[in-house]
Amino acid sequence: MTHWLFKSEPGVFGIDDLAARGVEPWDGVRNYQARNLLRDRTAVGDPVFFYHSNCARPAIVGLAEIASSPRPDPTAFDPASPHHDPKGDPATPRWYLVDVRYRRHLARPIELAELKTHAEGALAELPLVRRGNRLSVMPLSPAQFDFILALEHRPAP
DNA sequence: GCCAACGTTGGC
DNA sequence: GCCAACGTTGGC
């Protein structure tokens with residue numbers, strides 16, 4: 001089992017959208033490192049932190065889980081999709097997705113600013129808190145995952 | 001809106 | 001294979 005953090009822009013697809021949908025295909029990943037992680041290291045039932053990026057208060061806001069095996073991302077072959085890949089060929093799929101199932105909102109958002117206060121400690125190796133990080137799908141160690149989850153029921157800083 | 005970081009593209 | 005140009009991400 002691997003623990004995960006998936007980023008999404010709340011203006012595009014936020015935690016409330018996932019809660020309403022229940023299960024959603026996590027399409028549109030167009031980065032090879034993220035693709036490799038999705039394709040090669042996800043397993044059904046893996047826990048996922050849902051993170052809001054590119055917004056006023058970037059934060060981990062909810063919990064989800066991997067709900068399917070990886071499969072080719074059909075939006076790559078759809079000219080009408082914003083994620084269309086002109087070089088995509090269904091015979092040799094380049095991009096993959098997994099389904100994600102909503103589990104719950106966190107009791108409070110755990111903001112990036114708070115996570116960064118642990119950037120020299122428990123979260124030192126977490127790409128999210130490092131400058132210039134652009135990985136939209138990242139694995140966490142069980143220790144990192146548990147550490148972050150334990151912040152939930154502490155008072156907000 | 002700005003800008004730094006990063007990945008991709010394409011000329012050579 | 002190198003590297004400059006360009007586009008995107010994403011925090012601030």
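In what follows, chains are A, B, ... by sequence order, proteins preceding strands, each numbered from 1.
A:Glu9 places none of its side-chain heavy atoms less than 4.5 Å from the side chain of A:His52.
Closest-nucleotide positions on DNA chain B for A:Gly132 and A:Asn54 were compared, and the one nearer the 5' end corresponds to A:Asn54.
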Note to self: Quick one, A:Gln144 with A:Leu126, criterion side chain to side chain contact (heavy atoms under 4.5 Å, CB included). Give me CA distance, side-chain angles, the key distance, then yes/no.
What the structure shows: CA-CA 8 Å; A:Gln144 290 167 338; A:Leu126 185 65; 4.0 Å; yes
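Atom CZ of A:Arg103 is surrounded by more than 12 heavy atoms from other residues, nucleotides or ligands within 6.0 Å. Around the CZ atom of A:Arg57, the shell of radius 6.0 Å holds no more than 12 heavy atoms that belong to other residues, nucleotides or ligands.
Contacts between chain A and DNA chain C, taken as any atom within less than 4.0 angstrom of a protein heavy atom, begin and end at C:dG7 to C:dC12.
Residues A:Val29 and A:Leu97 do not share a hydrophobic cluster, clusters being chains of Ile/Leu/Val/Met/Phe/Trp/Tyr side chains in contact below 4.5 Å. In the hydrophobic clustering of this structure, A:Tyr102 groups with A:Phe145; members are Ile, Leu, Val, Met, Phe, Trp, Tyr whose side-chain heavy atoms approach within less than 4.5 Å, directly or through other members.
Here A:Asp46 does not pair with A:Arg41 in a salt bridge; the nearest charged N to carboxylate O distance is not below 4.0 Å.
Taking every heavy atom of residues 25-42 of chain A and every atom of DNA chain C, no pair lies under 4.0 Å.
Scanning both residues, A:Pro139 and A:Leu37, for their nearest heavy atoms gives CD-CD1, 3.8 Å.
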